[in-house]
Every structure is written in structure tokens, then in C-alpha cells.
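Data block below; observations after.
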Protein chains: 2
Amino acid sequence: MSKKVSLKDIATKVGVSTATVSYVLNGLEKEKRVGVEVAKKIKDAARELNYMPNQIARSLRKGSTNTIGLIVADIANPFFGQLARIVEDEAIKHNYTVIFGSSDEDCVKSEALIDTFVNRQVDGFIIAPSEGCKSQINALINREVPLVLIDRYLPQLNTSYVVLDNFTAVYDAVTHLVEKGHRRIGMVAYENSLIHMSERIRGYKEAMIDHQLEKEIRIKKIAYNLPRQEMEKIIGEMLTHLISDALIFATNALSLAGLYAVKTNQKKVPEELALIGFDGNEAFDFFDSPLTYIKQPLEQMGRESVRILLDEMKGNTENQHIQMASKLITRASCG
Amino acid sequence: MSKKVSLKDIATKVGVSTATVSYVLNGLEKEKRVGVEVAKKIKDAARELNYMPNQIARSLRKGSTNTIGLIVADIANPFFGQLARIVEDEAIKHNYTVIFGSSDEDCVKSEALIDTFVNRQVDGFIIAPSEGCKSQINALINREVPLVLIDRYLPQLNTSYVVLDNFTAVYDAVTHLVEKGHRRIGMVAYENSLIHMSERIRGYKEAMIDHQLEKEIRIKKIAYNLPRQEMEKIIGEMLTHLISDALIFATNALSLAGLYAVKTNQKKVPEELALIGFDGNEAFDFFDSPLTYIKQPLEQMGRESVRILLDEMKGNTENQHIQMASKLITRASCG
DNA sequence: CTGAAAGCGCTTACAG
DNA sequence: CTGAAAGCGCTTACAG
């Protein structure tokens, strides 16, 4: 890169100290009572030299970087991609930049990302925590780094979070299926002990129990990291036995794998099998009978998480817990 | 945040200078011939105090931040989300972090992002440039900032880039439709003068001409920033008149809007209307007759762009131009 | 009203 | 083999 213009260059050119230049360029000319003429000269010089402040130097001095670290499971997953976009927009409004990383629900990756971001002095974190990385998050808490968890939280840890009311989301989905006359309702979930998954499963179970369907409870748990073809195969096997007449999928990716399996196995929806998906997806709309699904309020989740984080970065140490209601978008797939 | 541990703290504790600590922690102990015992003490102290180097201070001193700035049209768009993920993975391998921003194809936003990233001293840029922001990119070139353009390039500017061979992609798509017996082949594109769009359109036109279908050329251009409902409506209107018996969509978003419109208007595919989409999308698979589409080699594009950028950051000033071949995934939607 | 100076936490050329 | 010191480009408490 070519020679960069610094405060000093402007100071030299105008014939003042870097302090004065700094004041003027940061809009403190009134407060510091810098002469109007000097101020003008400085501004002109800055423009003329095409001065761009070195945010790194500034960050070092001020001890803050105006950067937010965002860690999701996978930025390529539309759920997180959309969330990232909302976080980005909110961050920009408040003059923050976001650096991001994908953990793949993997604790080792997650830790590496957190360390990197800490080294880079991010002012705060928004994290969708992975399984088993409690100690990493706890280390952040001990360092008193502003932090909000998203999508899931860690019940043992005292942090702010923004999540879905997963229990009610799935509970209501089951009820909807029951109302539509389904009884043998199964669930396809991830093998994951985190709260978002366990709450979805709990919502399913309790709803089944409350509807006197305890004996029909059937949950298939699938590993997160399986390629979709594998997921599809597993779900496909479920379908050939067809012990259920309705299925609820616990995530977007599972819903998609399920749709592929249903298509491959040529099951008629909703006649042979009713379906409820999670999150939105265009594919849901083009499935033979458009999918009923549990919709998360992504926009608000993203906004709230940034709002809370900014709050914490301003010094508010009170943890805020937000649980948002989902919406069941009912369409043809449940009969 | 709580008190942070610095090099000095370790130095004090062990009783050496910060220089020695720095050498040891950066693996220069051999080179600088630091005593084995001292080195061990330093490493132990660092571990004990849970030392995390301040990357900001390091960046200021070294003049490089190990950060890549990635600017796409919209990180929530799966095409760019997937690209971002690949860039992220490649960057991490080489110890780089990526900060990202979405331009919405808007020059003002794009410029704000570029300025922010320059201020933050990113070591290099990967940019999907917006329409009319030539001067911004040019400013980057003048500053000698390592840069690779992606998805589109600016023909007037001397930069590295990684793009699709858009001309051939669409040319071949037209040929495929012709071979399938279609003649009244239309195209739905964005109102965008950038090279990726103009090349797609040129590919369409030339193919039509080469197949003696010059008179059947019909291109509908739609503004990028329209909400999908609007796009759908516009395409819907095309469908009611049905001047075409086949349509090629120039982007993923247009393909989706097109599918919704076709569904709403209950056109039979491929009997009444053949379709070819751009990029992949799960919705393509679940459409009544699975969509034939032009597939981009995303993985390689992401990798190559990072590889070239790293190359430039190492000092290689030679611009590299990469144009990748697409693949036509043929399925039922063309008959 | 304005400037000299310290200092943020590192790295590295230099001296011994 | 090891350390003192300068310096990256800013901000800001302090002095005058």
C-alpha cells in the first residue's frame, strides 16, 4: 500500500499540534475552543490529503474497537445468514462493524473463534453457543466481556440471551396436528443437548402427554454433522415403516432433509403423512402441499440481540432474557 | 472488562524485558537464542496468567491486521452466504479473520463500507462491486490495497477478479432449450449494467441469433431492489400474455420470483412453459418439474478469490483474471 | 485558545 | 544471550 496520511501530516501542514487536529476532526472544536480559522484549515487539509483515520491506533488508545463478534453455527445456513444481515444493519446504525465466524456446532472451532475475537478486542459478542462449550462462555463472563447468546442459551450460566419460546412453539404444533385428527405424531430432532433442542423436544412430549398420546411418542434424533443424504436416508427408513401419520421437524435443515425423503419415498402429504417444518424456506412453498411451519421472528431477534449488547457495552450489567413467540404458519401439509 | 494481562505483566513476573517475552511467545526463542530456562518460565507465566495477546497493538505496530474485508450484495442471499462461508474457511486456514458488509447493490452503502474497512486497516478486500462505484474501487487501486473482485468485475479497471463465464453459461442454456424444441425463448434479467448481467444477456442474444431466433428475442429487465411480490407480479404479467414458451432467469432471486409467478398463474412446466434457473436452490428441486439450472462453482470461486488475495497481500502485483465454467444441471423443466 | 507529552500494547532494529 | 528504547497513530489529561 502507498504511504498513508496521518494526523501528524495534517498537523505539520497546518502548523498546529496533532492534538488540535484530533480535536477538530472529532468535532470537539467548540468544546476545546479551537479557533474557527484553524479549524477550517485543518478540515480543508484533511480533505485535501484524503485523510482516513487509523481506526486501529484509535482502538488501541481508546481501548474499544467498535467491533462486534458474531459466532453462529454456519453463516451459509439461511437462518443464520438472515440473522447476520439484521445484526449487521443494526450494528452499522450504531457505528459498529461485525466480524463473524462459523462454529459448525463444534466446540474446538468455537473456542478458536472466541480467542481470535478476544485478541482482536471485540467490544462484545453475539454467540449461538455450541454444545459443551460452557467453559468458553464462562471465561468470557469472567472477563466481563459484553455478551448475548442467541438461538440457545446455557441455563447454568448467567448471561443475556434472545431465544425462541421453543417449548410453546412445538407444543402448539402438536396441538394443531391433533386438532387436524392426527394421533401418531412423531418428531425428528437433532442429537443435541442444548436448550433449544431439549425445549423443542419437551414441547413435543408434553403436548403428546396432554393429549393422551403418550404411547405414540416417537423421537428420531439425528447427528448435526451428517451430510444431507445421510439424514435423508435415515428419515427415509422411518417412512418405509411408516409408524407415524404426522412428523414435526425440529430445524430447517431437518425439514429439508425430510422433504427430500418424503419426495423420494413418494408419500402423499397430507393424506398419508402430515408435516410441520421449522423456520421458513422457499422449498416449503413449492412442496406438493405447501408446508405448515413454525416461523421465528428473525428480524426482532436480531435487533433485540444487538440492542441488548449495546446496552451491556454501555455498562448495563443487568442480564436480559428474551424469549420470543413463534408463529405457526398453517397451510396444506397438515390436512 | 476486567484487567487485561499484557506482555509487561509477564515480563515483570519473570523478571525479563518485554522484548524477550515477545520473542518467546512468537516462537523466536531459537533465533534470538533465548535461554531454555527463561523461555520455559515465560511460557509458564503466560499460561498461568491466561495471557491473550492484544492483536490491535500488534496490528498497529506491524502495519497489518490479518483481516480481510468482504463486501457482497447481501449476506442473507444464499449465494453470498455460501460464498462468505468458503471465504471464511479459507481465511481461517491462513490465520485471517473476515469482516463483512452488505452493499444492497447500493453505491452509497458500498462506499461507507469500503471507508470503514480501510480505516480498520484491512489487509485486503474481496468485493462484489455495485453499479457505478467505479471510482471507489479505483481509489482502492490507487492506494494499492490488495483487492479481488468477485461475481462481477469492472472492465475499465485493472484488478484481479474471479467470475463465472456468464456468456457461455447462458449461451449454452439457450442452446439446450433450442435442442429441446423451444423457439420463443425469453429472458428475465436485472436492470443492471454490470458485466455479469450484460454478459448473461449477451450470451442469450448471441445464442438466439446463432440459432436464427433473432426475432424471438425478448428480455424483461427488473429492478434489483423490488420486493419479491413486485417481481412476481411483473413476471406474472409476462405469463398471462405468454409470448414465450421458455424462460431463462438471470439470477437466483429472479428464478424464485419466477417460480412463484408460474405457480400462481398455474402454468404447466414444461408443457406450456420451459424454465431454466440460475444458481441452485432447494425450491428448484420441489417445483412440480424440477428445475434445470445453471450452477456456479461456488466452492472454487471462493477459494480462488482468497488464494489470489493472499497472493497479492504477499506482494504479487500481477492481476489475475479467472473466469470459471458453469454447469447446466438438466432436469425436467425443459421437457 | 493551543500544545507538549504520556501512553495504549505490542515488535524489532540495535547495542552490548 | 538479553534489554533499553523507539515507534506504530491515535486520544486526552494537563499545563499554560
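Per chain, numbering begins at 1; letters A, B, ... match sequence-line order.
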Item to check | For atom CG of N119(A) and atom P of dT11(C), their distance in whole Å | outcome: 11 Å
Item to check | Nearest-Å distance for atom pair NZ/P, residues K30(A) and dT2(C) | outcome: 13 Å
Next on the checklist: Of the listed nucleotides (dC10(D), dG3(D), dG3(C)), which one gets closest to any side-chain atom of S17(A)?
Outcome noted: dG3(C)
Checklist outcome for this item: By nearest-nucleotide position on DNA chain D, the 5'-leaning member of K32(A) and N26(A) is N26(A)
Item to check | Value in whole Å for how far the C1' atom of dT12(C) lies from CD of E31(B) | outcome: 11 Å
Checklist entry - E29(B) has an atom CD; how far is it from atom C1' of dT2(D), in whole Å? => result 14 Å
Checklist entry - Has Y51(B) got a side-chain N or O lying under 4.0 Å from the OP1 or OP2 atom of dC10(C)? => result yes
Next on the checklist: Heavy atoms from C-beta onward define the side chain here; which of dG9(D), dT2(C), dA6(D) lies closest to that of V34(A)?
Outcome noted: dT2(C)
Checklist entry - Between R120(B) and T65(B), is any side-chain donor less than 3.5 angstrom from a side-chain acceptor? => result no
Item to check | Out of dT2(D), dA4(C), dT11(C), whichever nucleotide has its closest atom nearest the side chain of T18(B) | outcome: dT11(C)
Item to check | Out of dT12(D), dT11(C), dG9(D), whichever nucleotide has its closest atom nearest the side chain of K62(B) | outcome: dT11(C)
Next on the checklist: In whole Å, I'd like the distance from the CG atom of L25(A) to the C1' atom of dT12(D).
Outcome noted: 16 Å
Item to check | dC1(C) to dT12(D) separation - P atoms, rounded to the nearest Å | outcome: 22 Å
Checklist outcome for this item: Comparing nearest nucleotides in DNA chain C, the 5'-proximal residue of the pair L60(B), T20(A) is T20(A)
Item to check | Length of the CG-P vector between N66(B) and dC10(C), whole Å | outcome: 16 Å
Checklist entry - Pick the nucleotide of DNA chain D nearest each of I56(A) and A19(B); which residue has the one closer to the 5' end? => result A19(B)
Next on the checklist: Closest approach to the side chain of V16(A), judged atom by atom: which nucleotide of dT12(C), dG3(C), dG9(D) is it?
Outcome noted: dG3(C)
Next on the checklist: Tell me which nucleotide, if any, is Watson-Crick or G-U wobble paired with dC1(D) when both distances must be under 3.5 Å.
Outcome noted: dG16(C)
Item to check | Options dT11(C), dC8(C), dT12(D), nucleotide nearest the side-chain atoms of R58(B) | outcome: dT11(C)
Checklist entry - Touch check for S22(B), heavy atoms < 4.0 angstrom, all strands: base, sugar-phosphate only, or nothing? => result base
Checklist entry - Can you tell me if CD on Q156(A) sees more than 12 non-hydrogen neighbours from other groups inside 6.0 Å? => result yes
Item to check | Separation of atom CG in L7(B) from atom C1' in dG7(D), rounded to whole Å | outcome: 15 Å
Next on the checklist: Can you confirm whether the side chains of R58(B) and N26(B) place a donor and an acceptor under 3.5 Å from each other?
Outcome noted: yes
Checklist entry - Among dG9(D), dC10(C), dC1(D), which nucleotide sits nearest the side chain of R33(B)? => result dC1(D)
Next on the checklist: Please tell me whether E312(A) and S160(A) have a donor and an acceptor in their side chains that are separated by less than 3.5 angstrom.
Outcome noted: yes
Item to check | Value in whole Å for how far the P atom of dG3(D) lies from NZ of K8(B) | outcome: 16 Å
Item to check | Listed nucleotide nearest any side-chain atom of N54(B), set dG3(D), dC10(D), dG9(C) | outcome: dG9(C)
Checklist entry - Would Q320(B) and D311(B) count as having a side-chain donor-acceptor pair, cut-off 3.5 Å? => result yes
Checklist entry - If we ignore angles and hydrogens, is there a donor and acceptor under 3.5 Å between the side chains of T67(A) and Q121(A)? => result no
